Visitor: 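Below is the structure I would like to discuss, written out as structure tokens.
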Amino acid sequence: MTIPAVRTFDNHTPLVDTELLPGRGTGVNAAHRMYEHLIGIWATGVIEAAHDLGAFTALISGPATASELSSKLGTDLRATRVLLDGLAAYDVVERSRAADGQAVYTLPPEMHDIFAPEGLYSLVGKIRHDRNVAWSAWRNLATNVRTGARNSDGSQQLNQISEEDYTSLVRGINFWAPPIAATLATALREQGWTDGTGRTLLDVGCGTGIYSQLLLQEFSGLNARALDAERIIPIANAQAHRLGVADRFNPEIVDFWADDWGTGVDVALFVNIFHLQTPESARELLLRSAKALTEDGVIAIADHIVDEDSTDGNTQNRFFRLFAASMLATGGGDAFTVHDYDQWLADAGLRRVALLDTPMHRLLLVKRA
Ligand SMILES: C[S@@+](CC[C@H](N)C(=O)[O-])C[C@H]1O[C@@H](n2cnc3c(N)ncnc32)[C@H](O)[C@@H]1O
């Protein structure tokens with residue numbers, strides 16, 4: 001599997017010239033640092049406004065001045081210039097000067113797939129999801145912290161966004177897949193896999209099926225069963241055709257709580273499923289997996305798994321803890337710890353065999369105890 005080459009990047013867009021601040025530790029410094037966090041919403045604001053207006057689609061067809069773009073989009077000239085300069089401040093577009101002195105805005109080639117609705121690693125689904133769900137959900141965080149996001153009987157809520165919202169979201173998180181699938185493929189090779197002939201993978205809550213599909217490309221003899229809801233399965237099916245693996249990708253409309261999962265599974269794969277759970281439902285998923293698994297089968301869980309043995313500043317742990325807050329804002333779920341998983345595994349007669357870091361997830365590999 002080839003992971004596309006990417007430019008190295010600095011995640012942080014500095015918006016405060018810290019060289020000009022007074023000595024360390026003053027309240028003024030702290031206020032500058034907090035203000036920078038508080039304006040994090042500006043990045044989302046300018047990117048999503050450009051998406052809503054069709055500015056990215058227009059810039060995919062070529063560089064433009066503010067005046068050209070405002071005529072194309074039917075927007076106000078001065079306001080269009082303000083928006084484009086905002087995008088340039090976040091390095092989303094490049095700003096250069098034409099011979100006549102006008103600013104010209106270019107969407108760099110590596111951004112084209114990201115902002116094209118049909119791009120394999122497009123973020124458009126994520127943007128649509130945020131417009132529909134996240135913007136209003138974050139306003140509820142304090143309420144959910146007060147109440148614990150519980151059902152009327154006092155039990156914790158699962159994170160349950162609608163099937164309709166998942167149709168956007170699942171397309172917007174494909175970009176996470178290449179490094180995770182590559183890490184899993186390497187781990188399976190280390191377990192003695194060659195081309196995967198005779199092996200079955202069960203992708204539980206498959207979304208677009210991207211993880212199965214990348215693994216099917218990697219292991220030419222592998223077959224995948226991909227379980228998801230009625231509205232999602234056609235998306236997975238279409239993408240399997242697009243990636244040339246439809247003959248070994250078997251989509252099934254299955255409610256993974258109510259329906260049987262079958263048996264004979266060599267790899268049970270859960271990506272971004274455990275962070276939607278409560279401790280009780282997570283344990284239940286592992287009990288169900290154990291029933292479906294062959295004797296030497298593997299369960300692979302890619303999720304936001306906090307490793308408390310890592311340092312406090314560990315990048316993954318930082319992201320995972322904020323991810324937990326985003327789950328709470330949208331109504332339930334968590335970023336569970338390695339310790340939580342170990343307990344559920346022991347209850348299901350399973351054991352952890354590896355914990356591998358990927359850019360925004362950890363991959364937990366599990367076998368029978
Ligand atoms: C966060 S998405 C993850 C999708 C995919 N695994 C990925 O990481 O790209 C969760 C998926 O689980 C599916 N799902 C949630 N509850 C389900 C259930 N009870 N039965 C089947 N699928 C379910 C959703 O439809 C959605 O596609």
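Note that the structure is a prediction, hence the values are computed from the model and not measured. First listed ligand is number 1; within each ligand, the first listed atom is number 1.
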Visitor: Between R288 and E284, does any side-chain N to carboxylate O distance fall below 4.0 Å?
Guide: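 The answer is yes: the pair qualifies as a salt bridge.
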
Visitor: Report all side-chain donor-acceptor pairs from residues 31-42 shorter than 3.5 Å, counting only partners two or more places apart or in another chain.
Guide:
{"residue": "H32", "atom": "ND1", "partner": "V28", "partner atom": "O", "Å": "2.8"}
{"residue": "E36", "atom": "OE2", "partner": "L15", "partner atom": "N", "Å": "2.9"}

Visitor: Which atoms form the tightest heavy-atom contact between D203 and G209, and what is the distance?
Guide: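 That closest heavy-atom pairing would be OD2-CA, 4.2 Å.
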
Visitor: To the nearest 0.1 Å, how far is atom 8 (O) of ligand 1 from its closest protein heavy atom, and which atom is that?
Guide: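 Residue, atom and distance for the closest contact: N272 ND2, 2.8 Å.
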
Visitor: Would you mind reporting whether Q213 and Q239 have side-chain heavy atoms less than 4.5 Å apart?
Guide: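 They are in side-chain contact.
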
Visitor: Given T330, which partner from the list D165, N140, N159 fulfils the side-chain hydrogen bond (donor to acceptor under 3.5 Å, both in side chains) test?
Guide: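 It is N159, the one option of D165, N140, N159 that forms the side-chain hydrogen bond (donor to acceptor under 3.5 Å, both in side chains) with T330.
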
Visitor: Where on Y211 is there a heavy atom closer than 4.0 Å to ligand 1, on the side chain, on the backbone, on both, or on neither?
Guide: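 Side chain only.
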
Visitor: When you compare ligand 1 with V271, is there at least one nitrogen or oxygen pair between them that comes in under 3.5 angstrom?
Guide: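 It does: an N or O of V271 is found under 3.5 Å from an N or O of ligand 1.
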
Visitor: Only heavy atoms of V254, strictly under 4.0 Å: list the atoms of ligand 1 that pass.
Guide: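 Close to V254: 20 (N), 21 (C).
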
Visitor: Could you see which bit of A302 sits under 4.0 Å from ligand 1, with heavy atoms only: side chain, backbone, both or neither?
Guide: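 For A302, no heavy atom sits under 4.0 Å from ligand 1.
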
Visitor: For the side chain of N174 and the backbone of L120, is there at least one donor-acceptor N/O pair under 3.5 Å apart?
Guide: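 Side chain of N174 to backbone of L120: a pair is present.
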
Visitor: For D303, is there an ion pair with R362 - N to carboxylate O distance below 4.0 angstrom?
Guide: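 Result for this pair is no, no salt bridge flagged.
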
Visitor: Mind checking whether V170 contacts ligand 1 via backbone (N, CA, C, O), side chain (CB onward), both or neither, at a 4.0 Å heavy-atom cut-off?
Guide: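 Side chain only.
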
Visitor: Is it the case that ligand 1 has an N or O less than 3.5 angstrom from some N or O of G205?
Guide: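 By distance alone, the answer is yes.
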
Visitor: In ligand 1, which numbered atoms sit nearer than 4.0 Å to a non-hydrogen atom of I273?
Guide: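 In order of number, 10 (C), 11 (C), 12 (O).
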
Visitor: For atom 16 (N) of ligand 1, find the nearest protein heavy atom and state the residue, atom name and distance (0.1 Å precision).
Guide: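 Result for atom 16 (N) of ligand 1: F256 CZ, 3.5 Å.
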
Visitor: Please check whether D228 reaches ligand 1 - meaning an N/O of the residue sits under 3.5 Å from an N/O of the ligand, judged on distance alone.
Guide: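 Yes, there is a polar N/O contact under 3.5 Å.
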
Visitor: Please set out all donor-acceptor pairs under 3.5 angstrom arising from side-chain atoms of residues 49-57, sequence neighbours excluded.
Guide:
{"residue": "D52", "atom": "OD2", "partner": "R131", "partner atom": "NE", "Å": "3.2"}
{"residue": "D52", "atom": "OD2", "partner": "R131", "partner atom": "NH2", "Å": "2.5"}

Visitor: Answer side chain, backbone, both or neither: which part of Y166 comes under 4.0 Å from ligand 1, heavy atoms only.
Guide: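 For Y166, the contact with ligand 1 is made by the side chain alone.
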
Visitor: Between R242 and E118, does any side-chain N to carboxylate O distance fall below 4.0 Å?
Guide: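 No salt bridge links R242 with E118.
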
Visitor: Is the closest N or O pair between D255 and ligand 1 shorter than 3.5 Å?
Guide: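 Among all N and O atoms of D255, at least one is under 3.5 Å from an N or O of ligand 1.
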
Visitor: For I173, take its heavy atoms, then give the atoms of ligand 1 lying under 4.0 Å from any of them.
Guide: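 That gives atoms 9 (O) of ligand 1.
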
